[in-house]
**Student:** 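Starting off with a structure, shown below.
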Amino acid sequence: MHVVQLAELAAVLTHHGPAILYRHAAVPPEAINGYWTASRLRIDLWNQSLARFTRAKASGNHYRMRCWWQDHTGVLEEVLASEVLTRVVAALADGIDRAGNRDEFSPIAQAIHLSHLEVRNRVQEAILDRRGCAVQDAVRLNKLRVVVERWIDALIGHLSGADPSLVRYGIDSSRTRAHAEEAGTMSTAPGRETIAWLTQASMTDGLRRIIAKTPSLPHANREVANSAMMILRPDLFDSVGVLKSLWVHRIQNDSDRTDQMIQDYLRPDVDDSATVSAFDAIHASALAQWFRY
């Protein structure tokens, strides 16, 4: 799986994020375990690649360092681009656990998020070091970093429109808040689906122009994507397999509440004597007040 597809998955999770947060339902344990295992495996592969760069630098062999850059530039691209999905999942996990007063998914997602940031910092150090790296490769990687950071702020800002506390998962807080305010005004707009589709298409096109066409770690990316997709529980889909909108979830929730109120109203009292005694006491008190005047 190409890393650009992970960014597309992040856009899908972001678009349906308000509905996911609204349901307050727990993420399945198999999704949490799968996300932890797949993400840790991919992070280990990243660290192994960066360890080879450290050994190449220690050798002082410029040709060896140049070969490392030629073989691992795609891995560095994936570290930078896949941060979009990592931050979106971390933000969703935080919002889901707080909404349900739980502490199940957010510690796992936060640990993966911090580990990803550590690897990203090592990648940025390698770009700044530039030993063995061609100028055009360094410029392209830095451009990718800037583009990814802007899309992270856009997607996290969209989630923050439903939960303002999620702004902290963005890169630039002021830019993320601006996107959150815009998402708040568009929450009921008729063209919300079109805006989401255009956002995803624009992000995908922008990333594909920078990132290499051949994936470096396709299997690891696929495992992370499979576990992240399990956040989309079956109850989030309708009968034909389409993800429900936030308004559909709200209508269903209001309907469920109405049904519960009707059932409570029609349910017979368990202790009729207690109800009758309370009624008699109130009636007697009212009569006593009336005769007093």
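Note that this is a predicted model, so its numbers are computed, not measured. Sequence positions, counted from 1, serve as the residue numbers for this chain.
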**Student:** May I ask you to test the Arg102-Ile96 pair for a side-chain heavy-atom distance under 4.5 Å?
**Tutor:** yes

**Student:** Under the criterion side chain to side chain contact (heavy atoms under 4.5 Å, CB included), I'd like the reasoning laid out for Leu41 against Glu223: C-alpha separation, chi angles, the key distance, then a yes or no.
**Tutor:** CA-CA 9 Å; Leu41 176 60; Glu223 292 300 317; 5.9 Å; no

**Student:** Do Asp137 and Arg140 meet the salt-bridge criterion of a basic N to acidic O distance under 4.0 Å?
**Tutor:** yes

**Student:** Within a strict 4.5 Å, meaning less than it, do heavy atoms of the Ser82 and Arg42 side chains meet?
**Tutor:** yes

**Student:** Please determine if Glu118 and Arg122 form a salt bridge, counting it only when a charged side-chain N lies under 4.0 Å from a carboxylate O.
**Tutor:** no

**Student:** Write down the atom of Ala138, the atom of Ile127, and the distance for their closest heavy-atom approach.
**Tutor:** O-CG2, 4.2 Å

**Student:** Can you tell me how far CD1 of Ile171 sits from CD1 of Ile152, rounded to the nearest 0.5 angstrom?
**Tutor:** 4.5 Å

**Student:** Is Asp71 salt-bridged to Arg52, cutoff N-O under 4.0 Å?
**Tutor:** no

**Student:** Grab the two heavy atoms, one from Ala162 and one from Leu21, that are nearest each other, plus how far apart they are.
**Tutor:** CB-CD1, 4.3 Å

**Student:** Do the side chains of Leu207 and Met203 get nearer than 4.5 Å, heavy atoms only?
**Tutor:** yes

**Student:** Any salt bridge linking Arg145 with Glu149? Criterion: basic side-chain nitrogen under 4.0 Å from a carboxylate oxygen.
**Tutor:** yes

**Student:** Looking at every non-hydrogen atom in both residues, tell me the closest pair between Glu78 and Ser216 and how far apart they are.
**Tutor:** OE2-N, 2.8 Å

**Student:** Between Ser106 and Arg98, do the side chains contain an N or O donor and an N or O acceptor separated by less than 3.5 Å?
**Tutor:** no

**Student:** Begin from the C-alpha positions of His116 and Thr86 and carry the test side chain to side chain donor-acceptor pair (under 3.5 Å) through to its verdict.
**Tutor:** CA-CA 8 Å; His116 196 143; Thr86 300; 2.8 Å; yes

**Student:** What closest approach, in Å, do Met1 and Pro215 show between heavy atoms, and which atom pair accounts for it?
**Tutor:** O-CB, 3.8 Å

**Student:** Does CZ in Arg150 sit with more than 12 non-hydrogen atoms of other residues, nucleotides or ligands closer than 6.0 Å?
**Tutor:** no

**Student:** Do Ser115 and Arg40 have a side chain donor and acceptor closer than 3.5 Å?
**Tutor:** yes

**Student:** Do you know the tightest heavy-atom contact between Leu141 and Leu80?
**Tutor:** O-CD1, 3.7 Å

**Student:** Testing Thr54, Thr73, Leu50 for side-chain contact (heavy atoms from CB on, under 4.5 Å) with Trp68, which one passes?
**Tutor:** Leu50

**Student:** Where is the tightest heavy-atom contact between Gly95 and Asp163, given as atom of each residue plus distance?
**Tutor:** CA-OD2, 3.8 Å

**Student:** Under the criterion side chain to side chain contact (heavy atoms under 4.5 Å, CB included), I'd like the reasoning laid out for Val88 against Tyr169: C-alpha separation, chi angles, the key distance, then a yes or no.
**Tutor:** CA-CA 8 Å; Val88 168; Tyr169 288 95; over 6 Å; no

